[in-house]
Student: 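Sharing a structure below in structure tokens format, with a few things to ask.
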There are 2 protein chains.
Amino acid sequence: MNSQPVYNLDEIIKNNLDSEQWKQFKRIHYGRIDHGELQLKPSTIEESKKNGFEVAAFSVDAAKEVRTTNIVKVGLIQHSIVLPTNEPIVAQKRAVFDKVEKIIQSAAAEGVQILCLQETWYMPFFLCTREKQKWEEFAECPKQGQSTQFLRKLAKKYNMVIVSPILEKDEGVWWNTAIVIDADGEYMGKHRKNHLPSVGSFSETPYYAPGNTGHPVFQTKFAKIAVNICYGRHHALNWLMFALNGAEIVFNPAATISEFGESFWGIEARNAAIANGYFCCSINRVGTERFTTTTNQDITRSYYGSSYVTAPNGCRTPGLSRDKDGLLIVKMDLNLCRQVKDHWGFPMTSRLELYAKELRDKSL
Amino acid sequence: MNSQPVYNLDEIIKNNLDSEQWKQFKRIHYGRIDHGELQLKPSTIEESKKNGFEVAAFSVDAAKEVRTTNIVKVGLIQHSIVLPTNEPIVAQKRAVFDKVEKIIQSAAAEGVQILCLQETWYMPFFLCTREKQKWEEFAECPKQGQSTQFLRKLAKKYNMVIVSPILEKDEGVWWNTAIVIDADGEYMGKHRKNHLPSVGSFSETPYYAPGNTGHPVFQTKFAKIAVNICYGRHHALNWLMFALNGAEIVFNPAATISEFGESFWGIEARNAAIANGYFCCSINRVGTERFTTTTNQDITRSYYGSSYVTAPNGCRTPGLSRDKDGLLIVKMDLNLCRQVKDHWGFPMTSRLELYAKELRDKSL
């Protein structure tokens, strides 16, 4: 049961305002009048239609300066699961792999250099069932797991950095983890989700512990990137640490339903991009997932997609739709990060030593 | 020269969507379908028309629970200056006092219990002139200054807590300060702006130093309140400390122009309310201020108002207009603060000890 009608707010607004009103809406709401829409190849549009996903592409430029431009093309994929959740796990995974591979092909054809998938992208977000054992096969070894092997090949083939949020199993212990594969197909490292929700049926603490990998930033072939997984977006200090460690792009792969703060979705990651002077890429899954527990309880969860990107100057792209698989491509000049920091002076005025002291006193 | 046409985005959207679209827009954009509009007294509407300011009033409820409701009525005032900036300073102040007094009267008639004015509310925001000496008379003693004397009388008369952001002079040294007057008219204390902009012509560092009063929370008659002055809203840790010190309502009095991140205005304070589990009240001045410097440079600044309130659950009110004086009244149940913290668990999952350590390492 999908309790919320499917809407793309951006489309509604666009279709109902006159051109001057639309301009002012964009100025205030998106932070710029021109979305910087990029033309897609006809073959990409054809492929997307054939395979049932939407594609949108935008550009965020920086001012010309002494440094040469530092342009990178980033892709985000939002998608639904394919098979019912009671099918064999290996088949469920394979079906998602097949679907996602086609979207990655289109991303590659459009020159995407860094790609990020949604939280635990190859499985239904079964954590709402509060059952663990039956889902065991979804938990993978970061380096050797099926999904890593699958993506490493694609990364190498397409010269593409890939961020893969998985369910990790390490010596039998689970973690909610994102792994980073460099453009040569090599495994670079991982980040474990720092903050775990225990909100209603989204109680993840029975499954895994809060991350113990700190706030790593990965110097990939194309940019310095970090991953703030899902609920971690509610914590300002989590975002801040990635900035202090040098991130130029922070991905926020998520699995979030409309009852859970859909009205925050456009706020938190955008605020983080502004506050921290990096690009924020927000990805949420789509589709409805149905589960029957071993005690015959029926559980249904619908995800609202709406993936989008915010630049460090606060400009944001329109969101992908609330219900369709999609690929969002953003060509960005990373020089904008330092330009914005220089202009606004947030790092310069941050008084971190004051807060380090106050926080220490508070947490004693 | 007002380079931006005057728009109230909320009004534009409302007038152009059909009722189902408008409902969905409100759900996603404001965080609730029903704004909770409150009826105003006919006399208030009459007074507001007569005196040329707008009034809007909304209600934010909390769930029933074991505690009794903890309802407080908060008022925000946004306004323009009255006289040209080259008039005698004492006359400029007096003219603003007279205007604001009428708005406070209406607030009192509507039962407002805690009122906050905009940043350095009784003066033009002359800091863009980079001149200091000629404006000296605007700098006041917090306890004995003209504006404090003026507001203490009103506070006592109306049994109203008043937050008064002033330009402070202390032994000849200036500060950007907010003072808090309790409902009995007594001076409670002050907070000095923690973070100062040096952005283009908004360079405040020649005028005063970053605040040295930490993050005080004032236990007033009606609520525990704090003040995060203007540019401090860009700093997540500033917001966080007020929460850790127990604030239920944080005011953000500001003076900000549309070239300066108008697209952030709806983001940062709202994010702070969500992240920290308190009500955020954002106030920005309106009107165009013109200055001629002693070197005959003409300077013009236009402020975009748009004052609004966000509840800890992320719901926000529509904004006041971009160009008119206004009074925004919000009746809020402070029980919502703890309810939201209990529901979302952000304080419980904040891992402050981790960040205290990481921040200390970073700021060494």
Side-chain angles (χ1 to χ4, degrees), chain A residues 4-5 7 9 12-13 16-17 20-21 24-25 27-32 194-200 210 214-215 231 234-237 239-241 244 261-268 270-271 274-275 314-315 343-346 348-360 362-363, chain B residues 4-5 7 9 12-13 16-17 20-21 24-25 27-32 194-200 210 214-215 231 234-237 239-241 244 261-268 270-271 274-275 314-315 343-346 348-360 362-363:
Chain A
Q4 294 300 342
Y7 276 112
L9 258 197
I12 291 180
I13 302 296
N16 283 282
L17 301 190
E20 182 54 32
Q21 291 169 332
Q24 293 308 323
F25 181 80
R27 183 177 70 78
I28 296 180
H29 182 72
Y30 298 107
R32 61 177 183 170
N194 273 329
H195 301 268
L196 306 186
S198 285
V199 191
H215 298 85
Y231 184 84
H234 304 303
H235 290 283
L237 280 160
W239 290 111
L240 175 66
M241 284 303 155
L244 296 181
E262 182 169 357
S263 68
F264 312 177
W265 179 249
I267 302 294
E268 293 167 310
R270 198 166 164 206
N271 185 75
I274 296 163
C315 297
H343 176 70
W344 279 99
F346 299 154
M348 183 177 73
T349 58
S350 65
R351 306 184 74 182
L352 287 188
E353 70 297 342
L354 171 77
Y355 293 105
K357 188 183 170 313
E358 286 192 37
L359 266 187
R360 195 190 53 212
K362 280 284 161 195
S363 60
Chain B
Q4 295 298 343
Y7 276 110
L9 258 196
I12 290 180
I13 303 296
N16 282 281
L17 301 189
E20 182 53 31
Q21 291 169 333
Q24 293 308 322
F25 181 80
R27 183 177 70 79
I28 295 181
H29 183 70
Y30 297 107
R32 60 178 184 169
N194 273 329
H195 301 268
L196 305 186
S198 284
V199 191
H215 298 84
Y231 184 84
H234 304 303
H235 289 283
L237 280 159
W239 290 112
L240 175 66
M241 284 303 154
L244 296 181
E262 183 170 357
S263 68
F264 312 176
W265 179 250
I267 302 293
E268 292 167 311
R270 196 164 167 207
N271 185 76
I274 296 164
C315 296
H343 176 70
W344 279 98
F346 299 155
M348 182 178 72
T349 59
S350 65
R351 306 185 75 182
L352 287 187
E353 70 300 340
L354 171 77
Y355 293 105
K357 188 183 171 311
E358 286 192 36
L359 266 187
R360 196 189 53 211
K362 281 284 161 194
S363 61

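Keep in mind the model is a prediction, meaning the values are calculated, not measured. Below, chains carry the letters A, B, ... as their sequence lines are ordered, and counting in each starts from 1.
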Student: Of all of B:Lys362, B:Glu353, B:Arg351, which one pairs up most often with chain A through heavy atoms under 4.5 Å apart?
Tutor: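 Going by pairs under 4.5 Å, I would pick B:Arg351.
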Student: How many angstroms lie between CG in B:Leu240 and CD in A:Glu358, if you round to the nearest 0.5 Å?
Tutor: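 Rounded to the nearest 0.5 Å, the CG-CD separation comes out at 9.5 Å.
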Student: How long is the gap from NE2 on A:His195 to CZ on B:Phe346, to the nearest 0.5 Å?
Tutor: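 Interatomic distance, A:His195 NE2 to B:Phe346 CZ, rounded to 0.5 Å: 11.0 Å.
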Student: Shorter than 4.5 Å, heavy atoms on both sides: which option in A:Leu17, A:Val199, A:Thr349 has the most such pairs with chain B?
Tutor: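 Among the listed options, the one with the most contacts to chain B is A:Thr349.
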Student: In terms of heavy-atom proximity below 4.5 Å to chain A, should B:Leu196 be classed as side chain, backbone, both, or neither?
Tutor: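 Answer is backbone: N, CA, C or O of B:Leu196 sit under 4.5 Å from chain A.
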Student: Let's test your reading of the structure: which of B:Arg32, B:Lys357, B:Met241, B:Glu268 forms the most heavy-atom pairs below 4.5 Å with chain A?
Tutor: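 Looking at each of B:Arg32, B:Lys357, B:Met241, B:Glu268 in turn, B:Met241 comes out on top.
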Student: Taking all non-hydrogen atoms of both residues into account, name the closest pair between A:Gly214 and A:Asn194 and its distance.
Tutor: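 Minimum heavy-atom contact is O-ND2, 3.1 Å.
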Student: May I ask you to name which of B:Ser350, B:Gly345, B:Gly200, B:Cys315 has the most heavy-atom pairs under 4.5 Å with chain A?
Tutor: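 Heavy-atom pair counts peak at B:Ser350.
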Student: Report which part of B:Leu237 has an atom under 4.5 Å of a heavy atom belonging to chain A: side chain, backbone, both, or neither.
Tutor: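 Its backbone and side chain both get close to chain A.
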Student: Evaluate the ring planes of B:His215 and A:Tyr355, with Trp represented by its six-membered ring, and classify them as parallel (under 30°), tilted (30 to 60°) or perpendicular (over 60°).
Tutor: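 Ring orientation, 0 to 90° scale: tilted.
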Student: Out of B:Leu354, B:Leu352, B:Ile12, B:Ile274, which one racks up the most heavy-atom pairs below 4.5 Å with chain A?
Tutor: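 Top option by heavy-atom pairs under 4.5 Å: B:Ile274.
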Student: Taking all non-hydrogen atoms of both residues into account, name the closest pair between B:Ser198 and A:Met348 and its distance.
Tutor: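 It is CB-CE, 4.4 Å.
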Student: With rounding to the nearest 0.5 Å, note down the distance linking CD1 in A:Ile267 to CD1 in B:Ile267.
Tutor: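 Answer for the CD1-CD1 pair, A:Ile267 versus B:Ile267, is 4.0 Å.
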Student: Who wins among B:Gly266, B:Pro197, B:Pro210, B:Ala236 for the most heavy-atom pairs under 4.5 Å with chain A?
Tutor: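 It is B:Pro210.
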Student: Among the options A:Tyr231, A:Trp239, A:Trp265, pick out the one with the most heavy-atom pairs lying under 4.5 Å from chain B.
Tutor: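 Ranked by contacts with chain B, first place is A:Tyr231.
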Student: Looking at CZ of B:Phe264 and NE2 of B:His234, how far apart are the two atoms once the value is rounded to the nearest 0.5 Å?
Tutor: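 Nearest 0.5 Å value for the CZ-NE2 distance: 7.0 Å.
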Student: Between A:His29, A:Arg360, A:His343, which residue shows the highest count of heavy-atom pairs closer than 4.5 Å to chain B?
Tutor: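 The option with the most such pairs is A:His343.
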Student: Given that the side chain runs from C-beta out, which part of B:His235 has a heavy atom under 4.5 Å from chain A: side chain, backbone, both or neither?
Tutor: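 Side chain only.
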